[in-house]
Amino acid sequence: MELASKYNPAEVEGKWYQYWVDNRLFHSEPDGREPYTIVIPPPNVTGVLHMGHMLNNTIQDILVRRARMKGKNALWVPGTDHASIATEAKVVAKLAAQGIRKADLTRDDFLKHAWEWKEEHGGIILKQLRRLGCSCDWDRTAFTMDEVRSRSVIKVFCDLYDKGLIYRGVRMVNWDPKAKTALSDEEVVYKEEHSKLYYLRYYIADQENVTPTGIDGEVLHKDAKGWYAVVATTRPETIMGDTAMCINPNDPKNRWISGHRVIVPLVGREIPVIEDEYVDIEFGTGCLKVTPAHDVNDYMLGEKYNLQTIDIFNDDGSISEAAGIYVGQDRFAVRKQIAIDLDAAGLLEKIEDYTNKVGYSERNADTAIEPKLSMQWFLKMQHFADMALPPVMNDELKFYPPKYKNTYRNWLENIKDWCVSRQLWWGHRIPAYYLPQGGYVVAETIGEAVEKARAKSGDASLTAADLRQDEDVLDTWFSSWLWPISLFDGINNPDNEEIKYYYSTNDLVTGPDIIFFWVARMIMAGYEYRGDMPFRNVYFTGIVRDKLGRKMSKSLGNSPDPIGLIEKYGADGVRMGLMLSAPAGNDIPFDEAICEQGRNFNNKIWNAFRLTQSWTVSDSAAQPESSRLAVEWFDALLARSAAEIDDLMSKYRISEALMTAYKLFWDEFASWYLEIIKPAYGQPIDRLTYESTLSLFENLLLLLHPFMPFITEELWQAVRERKPGESIMNQSVLGIAHQYEEKVISDFDSCKALVTEVRSIRKQKNIAMREALTVETVGKNPLERLNSVIMKMAGLDSIESVDSKSDGTAPFMVGTYEFAVRLGGLIDVDAELAKLDAELAHLEGFLKGVMGKLNNQNFVAHAPAAVVGLERKKQSDAEQKIAAVRENMRRLGRDC
RNA sequence: GUUUCGUUAGCUCAGCCGGUUUAGAGCGCUUGCUUCACACGCAAGAGGUCCGCGGUUCGAAUCCGCGACGAAACACCA
C-alpha cells in the first residue's frame, strides 16, 4: 500500500463517521452494564457552531468515548433548545425583510412561520457537531419544544402552581422594549457607558414659605423666578413620571426643602418632597427625583410612601399618552430633545459627563432594558434554593473547578423569585385559562381547564370556547431546567426504565456563564422531581477568547469559523488544539496556530504507521537484543502512562492527560522506541518485534482515540484485518494499565541520558553518526544490560570497562556513574577544562547548600529522619561527583 | 462597593495540605542536520531574584499578613 507522506483528514473523517453511524456505535439502551451519561447543553436550534461549542463538545466527546472504552454503557444525548427570545427575534427580522409585520399576523400564522424557520435552519448545528466527531446518540435527538418535552414543561408548571410555588402579579420587571417582553434578572447584562448627568431645576411651589436658615454649607438656589432645588439625573426623559422628590432627612444642606412641594420642570406638576435615608447625601445634589414606574428603587419608595405611579412608556419604549408631552417619540430621542427644551426654558442648571452602568438584554445586546411595572408569572425560589445549596457545598455534587461553589452559593443565598412569563409567541404557552366572569384556572389540557373552570365558577355550561388562554409563553430556561429528566421522559413517566437507568447523569460540561440560568436550576428541578442530583460532576469550561484575550464576538470579527478550521487542520487537529490550550476552568486564549500543533501530531502518528508499513517482515530473522529490550521497556512505559492518564482524567485534567499521551507517542515511541527497533536500511524486521510493535501501536491508538477519533480509527483499521462493523470505538483500554516494573523504566532513562551525552559530545566535536565511537566505563558498567540499545542509539562500536579513564577521552556522568568517550586527537583540553570548571562550580554551590542544612543543628534535630537522610545522600553524591570532576581535571593536566 | 480567583521561562500554563539532587511542561527561540517514516521533521541547546515587602518555620514558589497589578461574579448612586 502506497501512503502519502502527509495525513489527509478530509479523506477519512466523513468515511468513519458514517461507519460509526451505520453500525449504530453511538446508540445506547439500558442493559446490565454501568451507565455513563451526558446530556448535551442544547444549543439554540437555529444557531451555528462557534468556538465555545467546539470546546465544550470536544470535552464531552472525549469523556463519553473514554467511558465507552472503559466498558461503560455510554450515552450522550443530543438536542436543541427553542431559544424563545433569540429565535423569535430572528423570525421577526426575517418577516420584516419580507415586509411582514409581526403585529399584522395572528399567533397561529406567526408560529407557522417560526416552525418553518426552525425546519429550515434547525439542526445545522447538529450536523456541524458530526463534523467534529461527536459520538451523540442521534436516535435520541430531542428538542425543547417537541411533544415529550412540551408536555413535561406544562405538567411541571401545573404541578408547581398546585404546590403554591407559582403566582401571578404586578411587579417591577426588566422590560425589553424591542422584543416587547419581560426578562428575568439573569437575562440582563450591565454595561458601563459614558453618559451625562443632567442637573434640573425644580422650583419650590410655595415660594413664600422658603426660609433660609443661614447654616454653613447650605445650598440655596434662587433666581428671578424664585427658589428652586436641583436634581441630578441621567434620565431627564423620565421627569413626566416624577411623583415626588426625595431628600435624606440627615442632609443639612437640603433641610430647607423639607416640607415644601416642588414643580416638575416642563411638566408643571406639583409633587411632594419626601424624606428617606435611602438617598445618598453625597451623590449629585442630594435631591432625588422619584419615578416609581421606571426605577426599581423609586418603585420601593413609591410603595413605602404611597406615591402615585405614572407609566410614561409604551411597550416599545416610546413615550405614552400618560406623559402628556413628547407622546409617541422614542425614549432616546426625547432624552436629547428634553435637554434642549429644558435649557431653553431655563430649567437646566448644567450637564456633566458621567459613567454609569446600563442594563441590556442578554439576547439583544443593543437594546437597553427598561424597568417596567407589569403583570407577570413568578416562581417562588426560596424552596428550591434551600434544596439545591447543600449538595453542592458538601461536594456530593462536585464542581470543577471548585471556585464556582462560591458563585453558586452567593446566588442561592440572595435568590429572588423567577419571572417565568415572556410576552412572546415562540415557546411553551402558559397553561392558564381565564374565565369570562373573571379569575383563571391552571390546567394541563383544555379539557381539564373546562372542568376546573366549571367547578370554580359553578357554571356547568362553560365550554372551551368560553375560556381564554394566557397569551404569554414561558422563559426558555423553564424547559431547559428539566432537560436531564425530560430527555428520558422522567416527568411524564417517572417510573420508566430509561430514567431509572440513566438518571442521575454523570458529567455536565458547560460554561460558567450559565451557572444561574441553567446549572443551578437543573439541580433544583432534579431534587424537586427526582429527589436526586441531575449530574454528579459539573465541568465548567473557560471562555474561548482570541489571542489578545478578548471575547470572541461577531462585531470584532475575531471568531474563526469552526468548520473552516476543521477543513484546514482536520477535526482531530482542531480538537487537539483546543484541548492543548484548555486547562480546566481557565479562559482559553485561542490562537489558530495551536491547531498546527494538532495537525503536526496527526502527521507524526501517520508517519510512524507509514514506517511500520515500509518494513518487510522476516520469519527467520532472530530478534535483536536491543529490540527485545525496547519492547519490554515500552510496554512498561505504556502501562505507567495509561495509569497516569486515568488519574488525570479522573481529575478532569484533560489537557494534561492529552499531553501525557502526546509525549508518550512523540518523545518515547517515535523518537526512541521506533529508532531502536528500526532495522538497518534494506534489512527485514523480525516477526516477533514487528508483531509486538503493532500491538504497542494499537494500544497507543486506543489511548489517543478519545482525543482524536478519526485518525486513530483510520490507522487501527489499517494495522490489521478487522471484521465488518468492528471499531476502535468499542475496544477496551482496561488492559493497558497493567503491572509493570519501575526499574525497567528508570534504567532506560539512564540509558537515554547516556546516549544523549554521547550525542552531545558528537555535536560539539562535529563527529558524524556513522563514525563509530568507543565509550569507557569506570569499573563495572551499571547499564550493561542495556548495552545493545546504547550502542545502537549512540553509534558505538564498544563499551569497555576500565580501571581508570584513558587519556584523550571526554568524560561525563550519568547520575554518579562515570563514563568517557574516546576521542584521541580530537580532544580540546581547554574546552574540556572549561566545561569541568562550570560543572565543579555548580556542584560546589549545590554541596554548600546541602551542607548549610546539615550543619544546622536545628535542622538535624527537627527535620524528619527521611529528609535528613536524603540530604546526606545528596551530600555523598555531590562529593562523589566533585571527586570525579577533580580527577578528570587532573587527568587533563590541571593541578587541583 | 462586596466576594472570589490569579501574578512561576518570550507566550500559555503545571507545581502550592512546606523538604524528592539548588524550579517543570508544551509552544516559541538558538545551533547543527535534505540521516532512505515524517522539514507538519531529526538532533543538541539556551532561557526563571517563582510580583514586592514583612512574618511563621530547622526549612517557603508552596503557609500567614500587608502592598502593587490583573481578571471574574454579584450589587449598585439617581
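The analysis underlying the following values was restricted to heavy atoms, covering all of them including side chains, and did not include hydrogens, waters or symmetry mates. Labels below follow one simple rule: chain letters A, B, ... track the order of the sequence lines, proteins then strands, and each chain is numbered from 1.
Pairing partner, B:G18: none, since no Watson-Crick or wobble contact has both distances short of 3.5 Å. Pairing for B:C13 goes to B:G24, judged as Watson-Crick or G-U wobble with the two contacts each under 3.5 Å. Pairing for B:U35 is absent, judged as Watson-Crick or G-U wobble with the two contacts each under 3.5 Å. With a 3.5 Å ceiling on both atom-pair distances, the Watson-Crick or G-U wobble partner of B:U30 is B:A44. Remark: B:A73 base-pairs with B:U2. Criterion, Watson-Crick or G-U wobble with two distances under 3.5 Å. The partner of B:C53 is B:G65, judged by Watson-Crick or G-U wobble contacts that both fall below 3.5 Å.
Here A:Lys752 pairs with A:Glu668, A:Asp749 under the salt bridge (Lys or Arg N to Asp or Glu O under 4.0 Å) rule; sequence neighbours left out. Residues forming a side chain to side chain donor-acceptor pair (under 3.5 Å) with A:Arg201 (at least two apart in sequence, or on another chain): A:Asp223, A:Tyr228, A:Glu349. Scanning for ring-ring contact (aromatic ring centres under 6.0 Å, His included) contacts around A:Tyr408 gives A:Phe399, with sequence neighbours left out.
For the C1' atom pair drawn from B:C16 and B:C64, the interatomic distance equals 14 Å after rounding to whole Å. Rounded to a whole angstrom, the distance from the C1' atom of B:C36 to that of B:U31 is 25 Å. Here, B:A37 and B:A46 have their P atoms 30 Å apart, quoted to the whole Å. With C1' as the reference atom, B:C50 and B:G18 are 15 Å apart, rounded to whole Å. Remark: the separation of the C1' atoms in B:G47 and B:C27 is 14 Å, to the nearest Å. Comparing the C1' positions of B:G24 and B:G48 gives a spacing of 11 Å, expressed to the nearest Å. Atom P of B:U22 sits at a distance of 28 Å from the matching atom of B:G6, rounded to the whole Å. When the P atom is compared between B:G67 and B:U3, the two are found 13 Å apart, to the nearest whole Å.
Rounded to a whole Å, the CD1 atom of A:Ile514 is 18 Å from the C1' atom of B:C74. Atom-to-atom, CG of A:Asp280 to P of B:G1 comes out at 14 Å; the value is rounded to the nearest Å. If you take CZ of A:Arg545 and P of B:C13, they are 11 Å apart, rounded to a whole angstrom. Atoms CG (A:Asn410) and P (B:C76) sit 12 Å apart, rounded to a whole Å. When the P atom of B:C76 is taken as reference, atom CD1 of A:Ile369 falls 15 Å away, rounded to whole Å. Distance CG (A:Asp513) to C1' (B:A72): 12 Å, rounded to an integer number of Å. Between A:Asp591 atom CG and B:C11 atom P there is a gap of 14 Å when expressed in whole angstrom units. Between A:Asp185 atom CG and B:A75 atom P the separation is 7 Å, expressed in whole Å.
Listed nucleotides B:C38, B:C76, B:G19 differ in distance to A:Ser5; the shortest reach to its side chain belongs to B:C38. You'll find that the side chain of A:Leu674 is closest to B:A37, out of B:G19, B:C5, B:A37. Checking B:A37, B:A78, B:C76 against the side-chain heavy atoms of A:Lys357 singles out B:C76 as nearest. With B:G19, B:U4, B:A37 as the candidates, the nucleotide lying closest to the side chain of A:Asn406 is B:U4. With distances taken from any side-chain atom of A:Phe283 to the nucleotides B:C5, B:A78, B:C58, the minimum falls on B:A78. Which of B:G26, B:A14, B:C36 sits closest to the side chain of A:Lys663 comes down to B:G26. Nearest to the side-chain atoms of A:Pro589 among the listed nucleotides B:C58, B:U12, B:G26 stands B:U12.
Listed in residue order, the members of residues 234-251 of chain A having a heavy atom less than 4.0 Å from RNA chain B are A:Thr234. Near-neighbour residues of RNA chain B inside residues 868-876 of chain A, defined by a heavy atom below 4.0 Å, number-ordered: A:Leu870, A:Lys873, A:Lys874.
Relative orientation of the A:Trp666 and A:Phe601 rings is parallel, given thresholds of 30° and 60° on the angle between their planes. Between A:Phe634 and A:Tyr673, the ring planes are tilted. Angles from 30° to 60° get that label. Taking the six-membered ring where the residue is Trp, A:Phe669 and A:Phe665 present tilted rings, their angle falling between 30° and 60°. Taking the six-membered ring where the residue is Trp, A:Trp606 and A:Tyr7 present tilted rings, their angle falling between 30° and 60°. Classification of the A:Phe846-A:His842 ring pair by plane angle, with boundaries at 30° and 60°, yields parallel.
Looking at heavy-atom distances under 4.0 Å, A:Met659 makes contact with sugar-phosphate atoms alone, never a base. Residue contacts shown for A:Tyr354 are limited to sugar-phosphate atoms, with no base heavy atom under 4.0 Å away. When heavy atoms are screened at a 4.0 angstrom cut-off, A:Gly845 is found touching base atoms of the nucleic acid. Backbone-only contact: A:Asn856 has heavy atoms under 4.0 Å from sugar-phosphate atoms and none from a base. Within 4.0 Å (heavy atoms only), A:Glu282 reaches no atom of the nucleic acid at all. Within the nucleic acid shown, A:Pro512 has no heavy atom closer than 4.0 Å to any nucleic acid atom.
If you run salt bridge (Lys or Arg N to Asp or Glu O under 4.0 Å) between A:Glu237 and each of A:Arg331, A:Lys289, A:Arg335, only A:Arg335 comes through.
Side-chain to base pairing of A:Asp877 with B:U21: one donor and one acceptor N or O lie within less than 3.5 Å of each other.
For the pair A:Gly286 and A:Arg770, both in contact range of RNA chain B, the more 5′-proximal nearest nucleotide belongs to A:Arg770. Mapping A:Gly849 and A:Leu197 onto RNA chain B by nearest heavy atom places A:Gly849 at the nucleotide closer to the 5' end.
Atom CE of residue A:Met576 and atom OG of residue A:Ser655 lie 11.0 Å apart, to the nearest 0.5 angstrom.
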What one-letter contact string describes nucleotides 40-50 of chain B from 5' to 3', where B marks a base within less than 4.0 Å of any protein heavy atom, S marks contact via sugar-phosphate atoms alone, and - marks no contact? BSSBBS-----

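When all heavy atoms of A:Ile566 and A:Ala571 are compared, the pair lying nearest together is CG2-N, 3.8 Å.
A:Pro679 is listed as a side-chain neighbour of A:Trp615, based on a closest heavy-atom distance under 4.5 Å. The shortest distance between side-chain heavy atoms of A:Asn603 and A:Arg599 does not fall below 4.5 Å.
Ion pairing of A:Glu352 with A:Lys350 is present here, as a side-chain N (NZ or NE/NH1/NH2) and a carboxylate O approach within less than 4.0 Å. With respect to the salt-bridge test (charged N to carboxylate O, under 4.0 angstrom), the residues A:Lys792 and A:Glu675 do not qualify. Of the charged side-chain nitrogens involved, at least one lies within less than 4.0 Å of a carboxylate oxygen, so that A:Lys568 and A:Glu592 count as a salt-bridged pair.
At B:C27, one or more side-chain N or O atoms of A:Tyr662 fall inside 4.0 Å of OP1 or OP2 (strictly under the cut-off).
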